[in-house]
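Quick notes on the structure that follows.
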Amino acid sequence: MKAEPEGDLLEEDSAPENGVETNQYSSVSPPASPVAQDEPFSTYFEDKVAIPDNVSQVFSFRKLWAFTGPGFLMSIAYLDPGNIESDLQSGAKAGFKLLWILLGATIIGLLLQRLAARLGVVTGMHLAEVCNRQYPTVPRIILWLMVELAIIGSDMQEVIGCAIALNLLSMGGIPLWGGVLITITDTFVFLFLDKYGLRKLEAFFGFLITIMALSFGYEYVLVRPNQGELLKGMFVPYCADCGPVQLEQAVGIVGAVIMPHNIYLHSALVKSRDIDRKNKNEVKEANKYYFIESSVALFISFLINVFVVAVFAQAFFNKTNIEMHMHCNATDSPYANVFPLNNHTLEVDIYKGGVVLGCFFGPAALYIWAVGILAAGQSSTMTGTYSGQFVMEGFLNLRWSRFARVLLTRSIAITPTLLVAIFQDVEHLTGMNDFLNVLQSMQLPFALIPILTFTSLTSIMNDFANGMVWKISGGVVILVVCAINMYFVVVYVTALDSVLFYVFAALLSVAYLCFVGYLAWHCLVALGVSCLDFCGRLSRHTDIYLLTDMDTDTDTRVER
């Protein structure tokens with residue numbers, strides 16, 4: 001289905017309005033309004049939230065409230081079951097010693113989310129749409145496939161997390177596969193809440209975050225962690241007596257917190273506010289309030305993550321499997337056999353985490369833990385579905401009905417998730433989670449490199465393009481994050497101890513690194529490293545080369 005002609009829109013953008021020259025947006029103007037299409041196209045942006053325009057203060061709580069919503073939906077990715085599992089393993093294996101890693105990863109995440117929000121606000125398009133218009137066909141398709149892999153991996157963790165929570169709440173009555181089917185079904189129901197208004201949907205997500213805060217906060221109060229050790233672990237960047245286990249856990253924290261699909265999601269969510277992009281002051285103001293809102297949202301998500309780390313650091317650090325087995329037996333827990341009779345250090349996941357809390361602090365602790373995991377899984381699987389819709393619509397330019405889009409994005413992850421649920425026991429899912437974390441770690445460059453590339457181009461961002469400080473710091477941060485996650489992948493692969501798999505991984509790595517190098521080359525040229533323009537195609541005008549034509553029919557419409 002073709003969109004309405006854009007020629008008039010592109011021509012109008014070149015005229016100044018409110019004293020602001022806006023031709024910088026012409027090369028990346030968003031598609032025509034869904035209202036103008038032949039058939040109704042129902043999206044998350046059906047109704048945009050109006051921003052108060054009669055407020056003259058430097059800072060207004062009314063305006064902040066109007067912008068509040070997208071950042072909290074984005075922050076849910078920092079609270080998904082994969083993050084919760086990383087938190088509890090960090091506490092059980094390293095105590096409070098890695099809290100500073102969690103703090104640093106959250107701050108880095110905030111800076112990256114700032115870039116994503118600015119791209120959406122300034123251009124009126126999200127990252128997938130910009131990638132679709134700027135990269136050639138083959139790289140664009142590869143990029144889309146890589147991002148879809150990241151979404152599938154994240155979605156599997158989230159759906160499995162919900163299924164585990166339902167299994168715990170039902171005392172094993174709901175099998176893992178049954179929990180998966182329930183989660184997939186109720187996700188459809190909850191996603192249609194946006195039919196009743198965007199603000200109601202955002203309020204529902206806020207309610208789920210509140211449930212997580214109360215559930216994990218209850219566990220925190222119950223266990224009463226040592227506050228001095230907690231503050232020391234959070235602000236002293238040192239890990240005394242740490243070995244390979246703690247190092248791998250530190251790397252895992254970074255990989256769990258910074259998720260590739262979340263960059264695409266946030267750049268899309270900010271489009272839900274009614275902002276006049278031709279007015280430079282409005283765009284600047286929107287960037288300010290979105291950054292404040294994201295900071296508040298990620299601070300709350302950080303506190304919830306700290307609750308989980310601190311609970312397991314205080315109660316279960318350096319405990320062994322046999323200690324857990326004996327204690328569960330002494331309290332007549334039906335879950336005692338979950339822990340093998342050996343002196344190995346306790347290994348916990350989401351399921352075993354609830355079990356040990358129940359053994360030590362009573363059934364109430366187990367059920368409240370399960371409620372928190374259910375809220376985390378349900379909210380994150382909903383935002384994961386939104387991510388899938390935005391990515392698919394952006395890269396493939398799909399214009400389908402709401403039901404068709406939700407059905408497709410849910411179906412992509414349902415098959416592998418159901419297979420795992422049918423053939424895996426609820427007590428032995430740690431290996432799968434490790435694999436999914438590695439899968440998502442490998443996809444990070446396919447979100448971080450494009451977001452830095454496009455936010456650094458003046459032809460896209462004009463006055464809002466990254467300055468030299470942001471270019472350098474952004475490049476360093478992305479390099480460090482990608483290097484950390486590649487280390488995590490290497491550690492995982494070498495632990496498999498299979499020559500055949502090593503050969504396969506080596507061949508895959510060559511193709512993978514070539515594509516990452518291609519994206520990095522474009523990024524470096526966009527950052528101003530013109531010496532990398534080996535063919536001379538970029539030397540005349542870097543932005544023009546990178547900003548390839550939208551498509552043939554768009555060119556025709558502009559020239560008419």
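- At least one side-chain heavy atom of Cys131 sits under 4.5 Å from a side-chain heavy atom of Phe395.
- By the 4.5 Å heavy-atom criterion applied to side chains, Ile373 and Ile164 are not counted as neighbours.
- For Leu127 against Ala447, the heavy-atom pair with the smallest separation is CD2-O, 4.0 Å.
- Side-chain atoms of Lys93 never come within 3.5 Å of backbone atoms of Gln249 as a donor-acceptor pair (strictly under, hydrogens ignored).
- Annotation: side chain of Asn337 is in contact with side chain of His325 (closest heavy-atom distance under 4.5 Å).
- Looking only at side-chain heavy atoms (C-beta outward), Leu88 and Val309 stay at 4.5 Å or farther from each other.
- We find that Lys63 and Glu285 are joined by a salt bridge, their nearest charged nitrogen and carboxylate oxygen being less than 4.0 Å apart.
- The side-chain heavy atoms of Cys239 and Leu98, taken from C-beta on, include a pair separated by under 4.5 Å.
- Closest approach of Leu265 to Ser387, counting heavy atoms only: CB-OG, 3.4 Å.
- No side-chain donor-acceptor contact under 3.5 Å links Gln246 to the backbone of Pro244.
- Heavy atoms only, all atoms of each residue included: Ile484 and Val251 are closest at O-CG1, 3.1 Å.
- Between the side chain of Glu293 and the backbone N or O of Gly69, at least one donor-acceptor pair lies under 3.5 Å.
- Remark: the backbone N or O of Thr320 is paired with a side-chain donor or acceptor of Glu323 at under 3.5 angstrom.
- Side-chain atoms of Tyr289 come within 3.5 Å of backbone N or O of Ser60 as a donor-acceptor pair.
- For Lys319, the NZ atom counts as densely surrounded, since its 6.0 Å shell holds more than 12 non-hydrogen atoms of other residues, nucleotides or ligands.
- The side-chain tip of Arg273 does not point at the ring of Trp65 from less than 6.0 angstrom away and within 45° of straight on.
- Between the Gln443 side chain and the Gln440 main chain, no donor and acceptor come within less than 3.5 Å of each other.
- The backbone N or O of Leu119 lies less than 3.5 Å from no partner atom in the side chain of Thr455, so there is not a single donor-acceptor pair.
- One distance of note links CD1 of Ile76 with OG of Ser379; it measures 4.0 Å at 0.5 Å rounding.
- Aromatic ring pairs are classed by plane angle as parallel below 30°, tilted from 30° to 60° and perpendicular above 60°; the pair Phe67 and Tyr290 is perpendicular.
- Ser215 places a side-chain N or O within donor-acceptor distance of the main-chain N or O of Ile211, the cut-off being under 3.5 Å.
- Side chains of Val306 and Phe216 form no contact here, defined as non-hydrogen atoms less than 4.5 Å apart.
- Taking the six-membered ring wherever Trp is involved, the centroid distance between the rings of Tyr238 and Trp100 does not fall below 6.0 Å.
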Item to check | ring-ring contact (aromatic ring centres under 6.0 Å, His included) assessment of Tyr78 paired with Phe302 | outcome: CA-CA 8 Å; Tyr78 291 73; Phe302 172 71; over 10 Å; no
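- Taking the centre of each ring, Tyr264 and His126 stay at or above the 6.0 Å mark.
- In terms of modelled atom types and a separation under 3.5 Å, the side chain of Asn167 and the main chain of Ala163 share no donor-acceptor contact.
- The line from CG of Asp155 to CD1 of Ile160 is 10.5 Å long, rounded to the nearest 0.5 Å.
- Taking CG of Leu110 as the reference point, atom CZ of Phe299 lies at 12.5 Å (rounded to 0.5 Å).
- The closest side-chain donor-acceptor pair between Asn226 and Gln314, if any, does not fall under 3.5 angstrom.
- Checking Asp80 against Ser380 by side-chain atom types alone, no donor-acceptor pair falls below 3.5 Å.
- Looking only at side-chain heavy atoms (C-beta outward), Val348 and Phe316 stay at 4.5 Å or farther from each other.
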Item to check | Derivation of the side-chain contact (heavy atoms from CB on, under 4.5 Å) call for Phe464 and Arg118 | outcome: CA-CA 8 Å; Phe464 298 97; Arg118 286 172 70 87; 3.6 Å; yes
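- The two atoms that bring Cys359 and Thr331 nearest to each other are O-CG2, 3.5 Å, heavy atoms only.
- Listed for the Ser86 side chain is no donor-acceptor partner under 3.5 Å among the backbone atoms of Gly82.
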Next on the checklist: Using side chain to side chain donor-acceptor pair (under 3.5 Å), reason through Gln389 and Thr385 one step at a time and then give a plain yes or no.
Outcome noted: CA-CA 6 Å; Gln389 291 184 60; Thr385 302; over 6 Å; no
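- More than 12 heavy atoms of other residues, nucleotides or ligands sit less than 6.0 Å from atom CG of Asn342.
- Contact detail for Trp369 and Ile350: the closest heavy-atom pair is NE1-O, 3.1 Å.
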Item to check | From CA spacing to verdict: side-chain contact (heavy atoms from CB on, under 4.5 Å), His266, Phe390 | outcome: CA-CA 10 Å; His266 197 197; Phe390 295 140; over 6 Å; no
Item to check | Test log, rule side-chain contact (heavy atoms from CB on, under 4.5 Å), inputs Phe312 and Val356 | outcome: CA-CA 10 Å; Phe312 284 85; Val356 296; 3.9 Å; yes
Item to check | Chi angles and distances behind the side-chain contact (heavy atoms from CB on, under 4.5 Å) call for Tyr218, Val221 | outcome: CA-CA 5 Å; Tyr218 168 84; Val221 172; 6.0 Å; no
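- Here the rule is side chain to side chain contact (heavy atoms under 4.5 Å, CB included) with Leu346, and of Ile322, Asn318, Asn321 only Asn321 fits it.
- Note: Ser90 OG to Ile253 CD1 = 3.5 Å, rounded to the nearest 0.5 Å.
- Looking only at side-chain heavy atoms (C-beta outward), Val254 and Ile108 stay at 4.5 Å or farther from each other.
- Here CG of Leu102 is found 4.5 Å from OG1 of Thr106. Values are rounded to the nearest 0.5 Å.
- Note that CZ of Phe339 is 8.0 Å distant from OG of Ser333, once rounded to the nearest 0.5 Å.
- Minimum interatomic distance between Ala365 and Leu222 (heavy atoms only, all atoms of both residues): CB-CD2, 4.0 Å.
- Aromatic rings of Tyr220 and Phe307 (six-membered ring for Trp) have centroids within the 6.0 Å cut-off, being under it.
- A salt bridge does not link Glu219 with Arg224: none of the charged nitrogens is closer than 4.0 Å to a carboxylate oxygen.
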Item to check | Worked check of salt bridge (charged side-chain N to carboxylate O under 4.0 Å, His left out) between Lys271 and Glu129 | outcome: CA-CA 12 Å; Lys271 292 168 59 179; Glu129 291 174 313; 3.2 Å; yes
